Novice: 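Take this structure, written in structure tokens, and hold onto it; I'll ask about it next.
For clarity, every value in this text was computed on a predicted model and none was experimentally measured.
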Amino acid sequence: QKTNRFAVTLALAAHGAGAVVLRPATRCGESKRRTSIPLCLLEIDASAEGNSEARLPTTLPVHATVNTREEPSALYEEAMIFKHTRQLNKALTVFKQLSILTPHDGRVWMEMMKLHKKARRFGDAERVMRMAITACPENARLRQALADLFRERKRYDEARRHFWQAMHLDRKLSSVYDSWGRMEASLGNHAIALSLFKRGLALQPNARLFHALGVLQDTTGQTEVARGTLRAGLALPNEVENPQLLHALGVLEVRVSNFAKARNYFGAAIDAHPDFTMSYLALGRMEEMLGRYDAATRQYSAGATVRRRDGTLGAVQLWQAWARMEQRRRRRTNARRLYERATRVFPNDSHLKIEHARLCAEDGDIQAARRIFDVVLSDPRPPVYGFQSAASFEFCNDEPEAARRLFAKGAALNVARPALVSLLHAWAAFEWKQGELSTARSLFRRAEEYAAEPCSWVYLWRARFEAECGRIVLSRHYYARAINVAPRDSSAWRLWAELEQDRGDPERATLFLRRSLDLETEACFMPASRNPLALTRHATPW
């Protein structure tokens, strides 16, 4: 057999073997086992990374890397069993073996990427997908998967580049038009999103694209057109009970205050698919908005306890919405009980625990709040938001040194820089309140540098900070930067108007204030309604 040297190089690099140089082995070994790739022909050159020490053994024992007694199909089934039984490390090990045996099988690379994402190892997921694309350069689905990974990490320009390449590899791959269009729609590029959705529908009509186009049309105020688009999706073969389309129609009817129709659509989605938790969430929020708290409680309770296809119980968003409703009704004891129940169902959800801790702090139960924060921060991979919330908690309880230590620990986490922006901003605001202006300025500067793209709210806070420090020219500079990034944000114009009024320039203050009022008035009549279902609308339905 001929050696697929290129593919094996990729697979070994995926194992973290370092630099790999292919060359004939000094001997082929004595094993008579046959594999699809004769690994004995490989040699790992340690000097390729500048290592002057002795080389690793010139042959790679087959039994150390690949179980050759099993066919790839059997190994794939074994890996999927490990995955479905949540033995994720074992599953990943077997998939790595398969990446050597069958480097051109896109399913293997895709499953490895999903496992890394599940463990929140996004860097490893990206590395695996780049290896996959090099091994399978004509696979459009792998290219799209890498684009989706960049989209989730808010690296939009890279995502666009890979979406475009996937589209050119397979122009009939409808999922590319759907995913790329949803990204552009979420960024406010509605014309581009509309073009992508329509191109995808022209090539291959399907429920996903009808849903995406209908949601976009509804968001931009084309209610009747959106209603027709979503109904066209339901008219497709075998889609009459599609829960995503029914849910989208329900949200559309809520926006135009047709609550009875909305209730019918949400109910139809639940009847057809009892485990579709988004409809429970939307219906519960609608009933809460209408003041029908008992009905809302029934929907939240039903959705939170329904058994889903993957074996999990309900969805964490339903528990959160239910607890928040109880908080708004000032039934705080009930809210705490709900958080306790939810954390037993979702013991690994850090944000759920953080909200529970914050509620305990608001109730004055300082010890309980501190105990929950300790549990969150003792996790092997604690979230940055956990340190930020715990630091804010300590500051509110007159423990500034404890807060400062927590901010420092959070900033030292080994995570991507953009993930630290919010924490650095909160730390800067804390130091500002403590009178440490030099430290605060340094932290504001770090937050600006770490942001993946210009961030208007960071500039806005820096402008306020510099104004209080008496650096008016620099404050104006940051107000201008904030407006350049988000020109339709009325708060920047209003705050700048207040600055000019305080500086004795009423003409400029009046101009800026008028612009702020115009934007606020325009926002009141925007088609996208700001109702409690807004978050449901933008959640990914598939």
Novice: Identify, with sequence neighbours excluded, every residue that meets side-chain contact (heavy atoms from CB on, under 4.5 Å) alongside D379.
Specialist: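 Once residues adjacent in sequence are excluded, the partners of D379 under the side-chain contact (heavy atoms from CB on, under 4.5 Å) criterion are R381.
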Novice: Under 3.5 Å, which donor-acceptor pairs link side chains of residues 268-284 to any protein atom two or more places apart or in another chain?
Specialist:
residue	atom	partner	partner atom	Å
H273	NE2	E241	O	3.2
D275	OD2	R309	NE	3.4
Y280	OH	P274	O	2.8

Novice: Applying side chain to side chain donor-acceptor pair (under 3.5 Å), name anything that partners W180, two or more places apart in sequence or on another chain.
Specialist: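 Expected list: E184.
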Novice: Using 4.0 Å as the upper bound for N to carboxylate O, is an ion pair formed by R441 and E466?
Specialist: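 Salt bridge flag = yes for R441 with E466.
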Novice: How would you list, by chain and number, every residue that makes a side chain to side chain donor-acceptor pair (under 3.5 Å) with Y478, sequence neighbours excluded?
Specialist: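 Y478: side chain to side chain donor-acceptor pair (under 3.5 Å) contacts with E448, R462.
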Novice: With side chains defined as the heavy atoms from C-beta onward, is the minimum distance between Y479 and L460 less than 4.5 Å?
Specialist: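 Contact flag for Y479/L460 side chains = yes.
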Novice: How long is the straight-line distance from SG of C136 back to CE of M110, given to the nearest 0.5 Å?
Specialist: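 Rounded to the nearest 0.5 Å, the CE-SG separation comes out at 10.0 Å.
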Novice: For H168, check ring pair (Phe, Tyr, Trp, His ring centres under 6.0 Å) against everything at least two apart and list the hits.
Specialist: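 Listed in chain order: W164.
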Novice: If the condition is side-chain contact (heavy atoms from CB on, under 4.5 Å), which residues does P137 pass it with, not counting sequence neighbours?
Specialist: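 Result, side-chain contact (heavy atoms from CB on, under 4.5 Å) vs P137: none returned.
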Novice: Given side-chain contact (heavy atoms from CB on, under 4.5 Å), test Y300 with R285 step by step and report yes or no.
Specialist: CA-CA 9 Å; Y300 288 144; R285 284 175 169 169; 3.4 Å; yes
Novice: With sequence neighbours excluded, give me every side-chain hydrogen bond (donor to acceptor under 3.5 Å, both in side chains) pair touching residues 415-428.
Specialist: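 Only Q388-S422, W427-E431 qualify under side-chain hydrogen bond (donor to acceptor under 3.5 Å, both in side chains).
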Novice: To the nearest 0.5 Å, how far apart are CD in Q97 and OG1 in T93?
Specialist: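 If we round to the nearest 0.5 Å, Q97:CD and T93:OG1 are 7.5 Å apart.
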Novice: Decide, yes or no, whether a salt bridge links D518 with R515 under the criterion of side-chain N to carboxylate O below 4.0 Å.
Specialist: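 No, no charged N to carboxylate O under 4.0 Å.
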Novice: Rounded to the nearest 0.5 Å, how far does CG of L75 lie from NZ of K96?
Specialist: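 So the gap between those two atoms works out to 15.0 Å.
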Novice: Should the pair Y339 and H356 be assigned to parallel (<30°), tilted (30 to 60°) or perpendicular (>60°) ring geometry?
Specialist: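 Ring orientation of Y339 relative to H356: parallel.
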Novice: Which heavy atom of V345 sits nearest a heavy atom of W319, and at what distance?
Specialist: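 Taking every non-hydrogen atom into account, CG2-CZ2, 4.2 Å.
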Novice: Only one of R153, R160, R161, R155 forms a salt bridge (Lys or Arg N to Asp or Glu O under 4.0 Å) with D157, so which one is it?
Specialist: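 In the set R153, R160, R161, R155, the residue that makes a salt bridge (Lys or Arg N to Asp or Glu O under 4.0 Å) with D157 is R160.
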Novice: In a table with atom names and distances, give each donor-acceptor pair under 3.5 Å that connects a side chain of residues 225-232 to protein atoms at least two apart or in another chain.
Specialist:
residue	atom	partner	partner atom	Å
R227	NE	E253	OE2	3.0
R227	NH1	E224	OE1	3.1
R227	NH1	E224	OE2	2.5
R227	NH2	E253	OE1	3.3
R227	NH2	E253	OE2	3.2
T229	OG1	Q217	OE1	2.7
T229	OG1	V225	O	3.0

Novice: Applying side chain to side chain donor-acceptor pair (under 3.5 Å), can you list everything that pairs with T343, at least two apart in sequence or on another chain?
Specialist: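 For T343, no residue satisfies side chain to side chain donor-acceptor pair (under 3.5 Å) once neighbours in sequence are set aside.
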Novice: For residues 128-162, pull every pair meeting ring pair (Phe, Tyr, Trp, His ring centres under 6.0 Å), keeping only residues two or more places apart or in separate chains.
Specialist: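 Sorted pair list: F150-H162.
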Novice: Between K117 and E152, does any NZ, NE, NH1 or NH2 come within less than 4.0 Å of an OD or OE carboxylate oxygen?
Specialist: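 Result for this pair is yes, salt bridge flagged.
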Novice: Could you list the residues that satisfy ring pair (Phe, Tyr, Trp, His ring centres under 6.0 Å) with H84, not counting sequence neighbours?
Specialist: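 With neighbours one apart ignored, the set is empty.
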Novice: Give, for atom CD of E111 and atom OH of Y76, the distance between the pair rounded to the nearest 0.5 Å.
Specialist: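 Nearest 0.5 Å value for the CD-OH distance: 4.5 Å.
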Novice: Who passes ring pair (Phe, Tyr, Trp, His ring centres under 6.0 Å) against F444, sequence neighbours left out?
Specialist: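 Residues passing ring pair (Phe, Tyr, Trp, His ring centres under 6.0 Å) with F444: F465.
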Novice: CG of L423 to CZ of F430: how many Å apart, nearest 0.5 Å?
Specialist: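 Taking CG in L423 and CZ in F430, the distance rounds to 11.5 Å.
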Novice: Quick one: do E453 and K154 make a salt bridge, cutoff under 4.0 Å?
Specialist: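 Between K154 and E453 there is no salt bridge, as every charged N stays at least 4.0 Å from the carboxylate O atoms.
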Novice: Just how far is it from atom CG of D124 to atom CZ of R127, taken to the nearest 0.5 Å?
Specialist: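 Between atom CG of D124 and atom CZ of R127 there are 5.0 Å.
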Novice: Can D178 and R182 be said to form a salt bridge (charged side-chain N to carboxylate O under 4.0 Å, His left out), step by step?
Specialist: CA-CA 6 Å; D178 174 72; R182 288 178 189 272; 2.9 Å; yes
Novice: With a 4.0 Å cut-off, would you call E126 and R130 a salt bridge?
Specialist: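 Between R130 and E126 there is a salt bridge, with a charged N closer than 4.0 Å to a carboxylate O.
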